[in-house]
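All remarks here apply to the structure that follows.
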Amino acid sequence: MTSKAGKISILYLNRNVLHGGRFGLFARTPTNCAHMFGARSYSSRPAESPHPARKKVTINTIRKLYNDNEPITVLTAHDYPSASFVDKAGIDICLVGDSLAMVALGHESTSPVTMEEMLHHCRAVARGAKSPFMVADMPFGSYEGSISEAVNNAIRFIKDGKMEAVKLEGGTEMVETIRAITRIGIPVLGHVGLTPQRQSSLGGYRVQGKTLEKAKKLIEDAKAIQEAGCFGMVLETIPEPVATHITKLLKIPTIGIGAGPGTSGQVLVQLDMLGIFDRFAPRFAKTYANANSVITDAIRTYHKEVKERKFPAKEHCYPMEDGELERFLNIVGSSDNE
Ligand SMILES: Nc1nc(=O)c2c([nH]1)NC[C@@H]1CN(c3ccc(C(=O)N[C@@H](CCC(=O)O)C(=O)O)cc3)CN21
Ligand SMILES: CC(C)C(=O)C(=O)O
């Protein structure tokens, strides 16, 4: 390597970091370099099956969790590694939320994300998570124009996106749409309260249902979409007493985000709870890790080690075949390599 090339660091996300040491096609074995350099064999775990035995979560499982009064866990994923984390951790429902527009694509709101983009993310998530029940957000503009468009787009999430259910925002005004989608056998997760796709008309990401009148409207919406056939619904950013009351009133599970502990389950955006997304932090977004600084520190160290020629070390290099090095050096001269 020339000294010039040695100063260029290229970001290469290591699969083993992302997957906690799961090796796939590119498995490295200790024999790659060890015999050449006499290095100690370094840690290498046996290949695991991509998704160790975990029972598939179906809509019946969700129903049973609800009947048993066991909290339902929901977490978003937007790509293959984030989906594999959801699966490995035992989460019940994996949501490909349109919040990916903001946290994974850098948009200012969820509105710009398209059907094609959502389907692209869904397919990656479906490859990464096999056990959770798989739900995708229908993006803004994909279900409001007409019922047939909504139905056709819901079908695309099942056929092309490899999802099992769809989520869509709205209350009484979405009843016919929800009915049409559930009638053809696609489970629908409703979403009322703060509906981010309508943030312009809500005046931003504000708490919803803070007055008696607005709480009553929320209750009406929740009852209407239950009646329309939703298997559950997200209650987003509403006062805890309102969410608890709605949960008691309904016969289907409520999944809260910023709705307090009285709902049937909880959902968070994965990049929020990992402490990676740092553009804003809603009050409800508890961080369970500070992955932003872990990742930044790791990349900083990599950058530094390349600049200082500490990486790659001998154990990251490949030997020639036995006896070939001497023959090679005889031809090219040994001074090059020292
Ligand atoms: N990263 C991320 N996390 C989310 O939870 C999330 C998204 N993005 N994008 C789509 C929606 C938008 N969401 C949001 C965004 C901001 C607040 C927020 O900051 N709310 C204020 C409340 C303000 C009030 O009092 O009305 C807060 O302080 O929590 C809430 C929900 C939830 N969803
Ligand atoms: C925050 C959850 C409920 C969501 O809708 C999303 O991720 O888009």
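Reckoned from all heavy atoms, side chains included, excluding hydrogens, waters and symmetry mates. Each ligand, and each atom within it, is numbered from 1 in the order the structure gives.
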Under 3.5 Å, which donor-acceptor pairs do the side chains of residues 89-103 form with other protein atoms, sequence neighbours left out?
from: Asp92; atom 1: OD2; to: Thr73; atom 2: N; distance (Å): 2.9
from: Asp92; atom 1: OD2; to: Thr73; atom 2: OG1; distance (Å): 3.1
from: Asp98; atom 1: OD2; to: Gln197; atom 2: NE2; distance (Å): 2.7

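Taking every non-hydrogen atom of Ser99 and a distance limit under 4.0 Å, the qualifying atoms of ligand 2 come out as 6 (C), 7 (O), 8 (O). The Lys167 neighbourhood of ligand 2 comprises atoms 4 (C), 5 (O), with distances under 4.0 Å to a heavy atom of that residue. Which parts of ligand 2 touch Ile257 is read off a 4.0 Å heavy-atom cut-off, strictly below it: atoms 1 (C). Every atom of ligand 2 with a heavy atom of Thr76 under 4.0 Å away is listed here by number and element: 7 (O).
Among Thr247, Thr263, Ile72, the one residue that satisfies the side chain to side chain contact (heavy atoms under 4.5 Å, CB included) test with Ile255 is Ile72. For the side-chain hydrogen bond (donor to acceptor under 3.5 Å, both in side chains) with Thr172, the qualifying choice from Lys223, Glu220, Lys217 is Lys217, the only one to do so.
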Short N or O separations between ligand 1 and the protein, below 3.5 Å:
from: ligand 1; atom 1: 1 (N); to: Asp272; atom 2: OD1; distance (Å): 2.9
from: ligand 1; atom 1: 1 (N); to: Asp272; atom 2: OD2; distance (Å): 3.2
from: ligand 1; atom 1: 3 (N); to: Asp272; atom 2: OD2; distance (Å): 2.5
from: ligand 1; atom 1: 20 (N); to: Tyr205; atom 2: O; distance (Å): 3.3
from: ligand 1; atom 1: 26 (O); to: Arg206; atom 2: NE; distance (Å): 3.4
from: ligand 1; atom 1: 26 (O); to: Val207; atom 2: N; distance (Å): 2.8
from: ligand 1; atom 1: 29 (O); to: Arg283; atom 2: N; distance (Å): 2.9

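With sequence neighbours excluded, no residue forms a side chain to side chain donor-acceptor pair (under 3.5 Å) with Arg63. Partners of Asp278 by side chain to side chain donor-acceptor pair (under 3.5 Å), not counting sequence neighbours, listed by chain and number: Asn292.
The shortest distance between side-chain heavy atoms of Thr182 and Cys230 does not fall below 4.5 Å. Put simply, the side chain of Arg206 does not reach to within 4.5 Å of the side chain of Leu202, judged on heavy atoms. Taking the side chain as every heavy atom from C-beta outward, Glu324 and Arg327 approach each other to under 4.5 Å.
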Next on the checklist: salt bridge (charged side-chain N to carboxylate O under 4.0 Å, His left out) for Glu164 and Lys56? Distances and angles first, verdict last.
Outcome noted: CA-CA 12 Å; Glu164 295 170 300; Lys56 172 70 189 150; 3.0 Å; yes

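If you look at Asp137 next to ligand 2, the close heavy atoms, those under 4.0 Å, all belong to the side chain.
Taking atom 2 (C) of ligand 2 as the reference point, the nearest protein heavy-atom neighbour is Leu95 CD2, 3.9 Å.
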